[in-house]
Every structure is written in structure tokens, then in C-alpha cells.
Amino acid sequence: MTAVTTEQAAPAEEEVVTVEVAAPGTAIAVDEEPEARRPAEIGRRTWWGAAFAAPHSIGLALFTVVPIVASLVVSFMNWPMIGGHTWTGLENYRRLFDDPIFWVVVRNTAEYVILYVPLNLVVSLGLAAWLTPRIRHRHIFRVLFFIPTITPLVANVVVWRMLYQPDGLIDATLQSTLGEHAPNFLADDTWAMFAVVAMSVWAGFGYNMLIFSAALDAVPDSQIEAAQLDGASPWRTFWHVKFPAISPSIFFATMMTLITSFQVFTQPFLLTKGGPGTETETLVQYIYNTGFQNQQLGLASAGAWVLFVIILGITAVQFLGQKRWVHYE
Amino acid sequence: MKRRLLVGVTAAAAAWGMLVGCSSSSSTSNQSKDKLVWSMWIAGSSDKAAWQQVANSVSAQGGPKVTIQGAPFNDYFTKLRTQLSTGSAPCVVSIQSLRAANYTDVLRPIDSYAKKGGFDLSAFDTTALNGMKVDGKLYALPYDTGPMLLFYNKDLFKQVGAEEPKPGWKLADFTAAAAKFKAAGKTMFASSVADMNLESMILGYNGGRVIKADGTLDPSNPTFAKGLDWLSSLVKNGTATQAGADNDTPSNNFVSKKVGMYLDGPWSLLSQKDKVKFPIGVTTIPTGHTSGPSTFSAGSGFGISKQCAYPDQAFTAIKTMTSQKVLTTLARQGRAFPGRTAAQQTWYENAHIDGVESVLKTAQKASTPLPGNKQSDQLQQLFSQYGIQAVNGQQSGAETMKSIAGQLGQ
């Protein structure tokens, strides 16, 4: 134990607190007087607590709670960006559900989620499983795979556009090897969504890979050894020992990936602007266009609340379903 | 104890100050008679330096101190709309002619200020000045103007054996040059679905337009749809590249010599000339089946926000910012084509591009201002989504325009 004990010389009316300053990697213990405290003292401590929590609480209230409540109120109003506001009740929601484009973007968002989430999980879990401690220089690989996650998405998009565009890297390679033109990925109805998903998976798998990799490292060796002694194949060891052990991490990653993929905006907006036509226009871009281009803040807020309800519903279903496959030990 | 309380309160106050400070660092609420804020799009450090010089010229002439509030061009109008609607409006507002109609509710008509001071508006280029008018009212003083033009690579034209396009060239000349490019295995023209480019090219081809001269939208115009089909035929027969959603691609393809020609405005000509590694040429948009105007012109200018409490001072500022002296200085620096006729000569002399004066004069004569509309921002977005399908031949022009009309609620 390398802990150093310091005793503060405090004024008479203050309690004496002994603080153990711990060395890195060791626990910090704070010894406190076991006796019941005087009410005045408790009050004072509460105030101090409140004072420390205040900056964050004020920030949370100002920048999160107030805007959320305001957007709910705005969603029931006709609120053009400039001009008067009137209460219209459910009119915005009715208009939204009557707009055929709204249903198109809901379908597009669902398509994106259905393609992106499983692909992201398979790629990240696959790479995490491959990056066992037996792989030489695994830390270098980890860093390499994580780089796309930390580079700005806007820069990634510029590079991917160069790959996708006619005469870009993919097209040029196909021309020189097969003599065939590649499709114009970002401008073709059939390919645009796949192109957006592929770019998103590349940019997004690193985060989940890191979570899975850390979780796999934490699976006790004794369990794996026991399985191996029992003659389990690597495949069986993975599915019946490692996978259940890391299932809480997988659940967490699935949930976060689902939530963020419903909110997808940057990749399609920068790669295709939602086109060709509305092929890659997502719900968030629809909300953005409605708010900032058509200047209908009420309608845009209603769209945002619909998105919130969809995400809430799906997250709730996942929580209910987790009992079947997530093991907490 | 007291000391601790003091520390706590100070810390809380500092945190609060940081929060408040963050939200008001770019506030325009501290404008006064002697201090105005000017909102402008800024593309880089050289842009910033040039505009700073313009801002400084105002106080140098005894006017108020003007502070620039910049944003990249792509975000500028989104930000401006939000600013002007929240009451933190900058007094001096930069605006594009084709967007002026979008902002008449938040901009102040300036005719009366010009009249009051006996300000001579006739010194401005007529097309530039007309572009800043909506329903007969003037909303900004123009600093630049220009018709859409075609920039071309002189070397590539020579290399494929095509004749260099002369100002006022016709569709047949365009087709003949395209054939030479094709024979040499090159692509002549870079497709673009940016609103002004698309609309100008079609106006030259058959006079079809999606915004009528009075500013009303006409998305189901059959002539315009036919124009889209023509652009699509250019892609199909290899004259033009496929269109993409990124509006910078045509310019990039031109600089990297992938195409021989693309559409742009005189505001980009001199900066593009410095960028390319070949002699740059410039010509008018080819005219096809039309006897009317064959290109759209647009420009930018400085207006005054409606909420500005110091409109007289703001007018003094924009007067200086578009003065003969300032615009001539900008022209000498190789920036946009000036909105004042007298400053244009300096620009021509500084351009050092063969025949640029006759090209611009021919194009100006053949041009008409692209009118704005309350939905023109939305139209621009829709062109970048749906225009691709038409130009790349996945849909007919008529089908595309039907989808766009549907989205515009027409």
C-alpha cells in the first residue's frame, strides 16, 4: 500500500476529514465520522452539493430540458421562422402523416437501419473476435480500425466521394481490370443507399469494435480453458462461452447503434443531399429541410417528436427482449 | 467558512459567465450608431482580408465602425434566416440577387434612403441594380454582378482540334466541338444540377424557364422539361459527364483537366484562372431554339435588415462599401466583376484573358436577371436531389419536374 495519509488542520467548528491520497490504480478511501450529523451540517453539505452540481444542472436545464419542452409546444403550433405563431393542435401531425414524402423518408430511414445495424455489429464483432491477444501487434490494428471513428465525418465523405464518383477509384479500377464502367453509385437509384451504408459502416464500426474487444479480453481465461479441455471447437467456444459472457456489451452496442442510426443525417446529406430523388433522404434530413429550408418550425418539431417516439418504442422493445439473450453475471 | 462560500460563489458565477459568454460571443445586440455588424459569407483567409478592407473603408470615410460576422457560403443563408428571425439581426446584410425575394420580409427597402441623400443609382450596372429589386423596390446596393458563362480549357480545345468558341456561338457550334472531343476520347462538358447553371443552360437551349420573369414558379413548364431531356442526351452521347449532388465537382473536374468546359459566373473567373495550369478561355452559353435571353445573370449586394435601429448609418456604410473607390480596389485585386459600370474597366484590364471584355459585354446583352422566389431555396435543394435523375437519364425531364412540382406544393 503506497497511500499517503494527510490530516488537515481545520478550524474548530469544522469536522476533521482524513483523506487518503491513493496512488494510481489503487482505491481512494475517505474516512468519515460514524456518528449522526447535526441537521445544520447536513444542510450545509446539501448546499455544497448543489453548488457543485449547479453548473451542469443549469447547462442541462438551459440547453436540454428547455429546448425539449419548447419543441414539444412548438410541434402543436403553426410556427413559421418569421411571422406570427398560432396554436393549431394536432394539425402538424396530421399534415405530416398526410405527406407521402414523409412516409418515403420513414421507409428510407428503416432501410438504412436494417442494413447498417447488423452490418456494423457483424464487422465490429468479427474484427474484435479476430483481434485476440495471440495476434501480433494487435494494438496497432486496433488503432488502425479506430481511426475512421475519430476522423471528422466531413473529411471521410470527401474521400469516399472520390471513390464512388465516375472516374473515381472504384470506376477506374473496374475499367482497367474488366473494361467495364462501375455504376454511378451516388446518383443511381439502386446503389445510392448501399453506398451510403457502406461508407457509414466503415466510419462507424471502430467504436463498437473497441467495446467488444475490451469485453472479450475480460472473459475469464479459466472458462475458456475449461471449454477447451472439454474438447469444444473454437467456434463453439466463441458462441457458447465468449458470446454469452459479452452479451451485456453487445446489448449496449446494439442499442446505441440503433439509436444513432435512426438519427442518421451527415452521411446521406453530404454524399447525396438525399438524392437521387428521395432515395437516400432520411427522417432527420426531412426535419432539417422542413425547418430550415421550408421554414416550418412547427412541422419540423412534430417530425422530431415522431422520430423520438419511434426510437423510444424500439429501445423499449429491445429492453423487453434482452431477458432472452443477455446474461448478467 | 466565509472564504469557502466566497470561493463557491465565485466559481458558480464564473461558470454562469462562461455559459452566458458562450451564447453571446457573436451577439449583434451591441450595435450602435458608431458600431455596426455586417454579415457576410467568407471562403478563406484571402476572402476575409479583402472584406476586412471593405469594412475598414467605412470608418476611414468617417462612417461607423463595421465589424464582419462571417459564415461559409453554404451555411450563410441558413444562419442568416435564423438570425434575422430571432432579433439579433446584423444591420448590414449581404444578399444574393436571386435570393432577395426570399428576404423581403426581413430587409428594408432602401429607395427612400437613396432619394433622401440624392444618391446616384444610375452609376450601377442596370442588370445588377434590377436584380436587387423585388416588386419595384430596391433592397440592396450591388457590389458584383454577371451573367453565367462557360469557362473552357484552351489547350484541350486545341488538342482535340475543336474550334475555340466565339462569344455568341450557336448550338450547332457546341455540337461540332463536342464531336471533336468525342473523337479524341475526351468529355467536353461538365454537367451540373446547381439551380442557376441548370436554368441558364436550358434558357440558352430553348428559352424554357422554371421561374417566370415576374418571379412566380412554373415547375411544370414543358419547354424546361424538354431542356432537361436535352441535357440528359448530352450525358448519354458522351458530351457531358454524369451529374452528381456535389456542386463543386464540375469546377474540380475542369481544374483537373477531366473536362474541357463548365458553367460558372464571372465572380469565379479570376480565382479560377490562378488555380488552373492551362490557359483559360471564356465564352457565352450557346444559343439554340430561342430568340430571347440566353443566360441568367445574378449578383450580390449589401442591404439593411428591417430590425436595424440605425438604418441611416447602415446606408452610409453600404454606400461606402459599394463606392467607386472600393469596387475599383476589389477589381484590381482580381475579385468579382464589379456592380458599378465605371469600375468594370479596371476588372477587364486586370483579368488578362483574351477577349474577356467582348464576351462579358455580349453575355450581358443576352442576359436577364434570375428572379428570386420565396421557394427558390427549396427549389435549389430539389434540383440537387431530383435534377440528377433527369440529367443522368434515369427519368424523363417531365417526370422529374412533376416530382419537383409535387414537393413545391404546385
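Basis for what follows: all heavy atoms, side chains included, without hydrogens, waters or symmetry-related copies. Chain identifiers are assigned alphabetically (A, B, ...) following the order of the sequence lines, protein sequences preceding nucleic acid strands; residue numbering begins at 1 within each chain.
Per-residue counts of heavy-atom pairs under 4.5 Å with chain B were compared for A/Gln165, A/Glu281, A/Glu279; the largest is that of A/Glu281. Contact tally against chain A (heavy-atom pairs below 4.5 Å) for B/Ala245, B/Gly244, B/Ala390: the top residue is B/Ala245. Comparing A/Thr278, A/Leu270, A/Leu186 by heavy-atom pairs within less than 4.5 Å of chain B, the highest count is held by A/Thr278. When each of B/Asn392, B/Asp105, B/Asp246, B/Val106 is checked for heavy-atom pairs under 4.5 Å with chain A, B/Asp246 comes out on top.
Residues of residues 374-383 of chain B lying under 4.5 angstrom from chain A, judged on non-hydrogen atoms, are B/Asp377, B/Gln378, B/Gln381 by number. Contacts with chain B (heavy atom to heavy atom, under 4.5 Å) involve these residues of residues 187-197 of chain A, listed by number: A/Ala187, A/Asp188, A/Asp189.
Taking 4.5 Å as the limit, every side-chain heavy atom of B/Thr239 sits out of range of all side-chain heavy atoms of B/Thr187. Taking the side chain as every heavy atom from C-beta outward, B/Phe254 and B/Phe278 approach each other to under 4.5 Å. A/Ile68 places none of its side-chain heavy atoms less than 4.5 Å from the side chain of A/Leu72. With contacts defined as side-chain heavy-atom distances shorter than 4.5 Å, the pair B/Val276/B/Asn153 does not qualify.
Note: A/Phe76 and A/Tyr93 meet the aromatic proximity criterion, with ring centroids under 6.0 Å apart. If you look at B/Phe189 and B/Tyr262, their ring centroids are not closer than 6.0 Å. Between A/Tyr288 and A/Phe265, the distance separating the two ring centers is shorter than 6.0 angstrom.
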Verify side-chain hydrogen bond (donor to acceptor under 3.5 Å, both in side chains) between B/Gln395 and B/Tyr386, making sure each step is shown before the conclusion. CA-CA 9 Å; B/Gln395 264 190 356; B/Tyr386 290 89; over 6 Å; no
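Heavy atoms of B/Ala243 lying under 4.5 Å from chain A belong exclusively to its backbone. If you measure heavy-atom distances from B/Val193 to chain A, you find no contacts under 4.5 Å at all.
With hydrogens and angles left out, the side-chain atoms of A/Asn184 and A/Tyr164 include no donor and acceptor closer than 3.5 Å.
Between A/Arg94 and A/Glu91, at least one side-chain N (NZ, or NE/NH1/NH2) sits under 4.0 Å from a carboxylate O, which counts as a salt bridge.
A cation-pi arrangement, defined by a distance under 6.0 Å to the six-membered ring centre and an angle within 45 degrees of its axis, is absent between B/Arg108 and B/Tyr139.
Ring orientation note: the planes of B/Phe77 and B/Tyr103 are tilted relative to one another, at an angle of 30° to 60°.
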